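Shown next, in C-alpha cells, is the structure this report addresses.
Just so it is clear, the structure is predicted and the values come from calculations on it, not from any experiment. For this chain, numbers begin at 1 and follow the sequence in order. Each ligand, and each atom within it, is numbered from 1 in the order the structure gives.
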Amino acid sequence: MYAVQQIAPQIYWVGGNDRRLERFENMFPLPNGVAYNSYLIMDDKTVLLDTVDSSISALFLENVAHVLNGRPLDFLVVNHMEPDHCANIEQLVRRYPEVKIVGNQKTFQFIEQFYQMRLQQNFHLVQEGDELPLGRHTLTFFTAPMVHWPEVMFTYEKTERILFSADAFGSFGALNGNLFNDQTDFEGFYLDEARRYYTNIVGKYGAQVQAAFKKLAETEIRMICPLHGPVWRSNLSYILDKYQHWSQYLPEKNGVVLAYASMYGNTENVVNVLASKLSERGVTDMRIYDVSKTHPSYIIADAWKYSHLVLAAPTYNMGLYYAMDSLIREMAALQLQKRKVALIANYTWAPSVAVKAMQTLIGQMKEMEFIGTPFEIKSAMKPEQEAELDKLADAICASGAIE
Ligand code: FEO
C-alpha cells in the first residue's frame, strides 16, 4: 500500500524509510534507520525530484504511480547520482519511456557509468540558472558541486519557495510518520544524527557548502526538502546556523571530547582522572569515548560539536595504537580543523612514540592548536604525576574549554 504525504499544493513526498540497513554506505551504523526522500510535483507537467535506494523500490514505485494517478511522468530531476537516490532511474524509464531526465553533463556521465540501459534519448541537459516551467510552478537549477559529489544540483521551486537540497540539510534517522521538522523533537531525536550525517558524509566539503550558501544568499526559501530526514518548513534559521558552524569548522559549544585507546585500562584511567579534574574546574557536558568500542562516526560528530579534544593512546608495535591512528586519519580526511588538542600517551619501553605519531598526524590538519605539555605515563599513572596532570587540566580550561 502506498504511503505518501502532501507537502505543499500539488507537491508530494513519495519517499520511504529503511530500518533494516545495518550501515549507510556499508560504513556508518544506522541504529535509527534512514529515510530516502523523493518528491513529486503534479502540475501541467509532472516532475519527480530524485528517486530512492533500491531497498525500498517497490513502495517507491507504488507511491509514484498512486500520485500520478494514471498520468505519465514528464520529468525526472536527478539532483544527485549516488545510488541511495538514483537506484530507480532504469525502472522509471521502463514504466514511463517518454520521461525526460533532467541533469547536467556530470549527471549524465555518471548515469552512463552506473547503468546498462542506453538513456541518451531521455536526457534533458540543464545548466546553472536554467528554468523549467511546469505550469503554476517553475523550477530553477543551481549546481552545488561536491555537496556531496561533483554532479550535485539544488533545485528551487519559485511559487512555493522550496529548495530541493540533495544531501544538504539531511539527517540519518528514519522518519517516524512525522515528515516536517516542527512535528518532531528535532533536538532530542535528529540533531545528533544530522550532525553525524553532515560531518561524516559532507564534512570534508565545507568550502563547497559555503559556496552553495553564497549562491543562494538572495533566494527566499520557505521550505527545505533534503534527500534524507525531516523536511524543514519552519525555523529554517536554526538548521542554517548549524550548517554555518559545521561547514566553517566552528565548534557549536565549548567543551571537551576525550577519546582514548586503552589495552589494559591504564590509559583509560588517566582520562578518567583528567575528566574529573576538568569537571572540578567547571567544564561541563564532556564526552568520553573508547575508540576501540565506539564507531568513529560518533566521535567525529562530537569532535565537530565541541571546542577541545583530548586524545589518549598507548604505543603499539612501535607506532600508534591502530584504532587511534585510524580515528585521527579519518578526522584529517574529513578536514576537521580549528580545534584545541591535548595529548596523553602511554608506553612501557619506548618513550614518545605515540605522542610523536599523534603530533605528526594532527600537525597535518589545519589550525589545530596543541594545549599544554603532552602527558606521558610509563605503563600506569603514579600519584607523583598528579601535579603534572593538574597543569594539563589548567591549560585546557585556560584555553576556553569552559562554556
Ligand atoms: Fe544520500 Fe550523497 O547520497
Atom 2 (Fe) of ligand 1 reached by His85 (N, O or S, under 2.8 Å): no

Gln116 atom CD, neighbour heavy-atom count above 12 within 6.0 Å: no

Presence of N, O or S from His80 under 2.8 Å of atom 1 (Fe) of ligand 1: no

Backbone or side-chain N/O/S of Glu82 under 2.8 Å of atom 2 (Fe) of ligand 1: yes

Geometric cation-pi criterion Arg23 and Phe28, 6.0 Å radius, 45° cone: no

Atom of Asp84 nearest atom 1 (Fe) of ligand 1 (restricted to N/O/S, atom name only): OD2

Other residues, nucleotides, ligands: >12 heavy atoms within 6.0 Å of Lys215 NZ: yes

Salt bridge flag under 4.0 Å for residues Lys391 and Asp394: no

Rounded to 10 degrees, the angle OD1 of Asp167 makes with NE2 of His228 at atom 1 (Fe) of ligand 1: 100°

His148 atom (N/O/S) at minimal separation from atom 2 (Fe) of ligand 1: ND1

Phe169: which of Ile224, Val231, Leu227 passes side-chain contact (heavy atoms from CB on, under 4.5 Å): Ile224

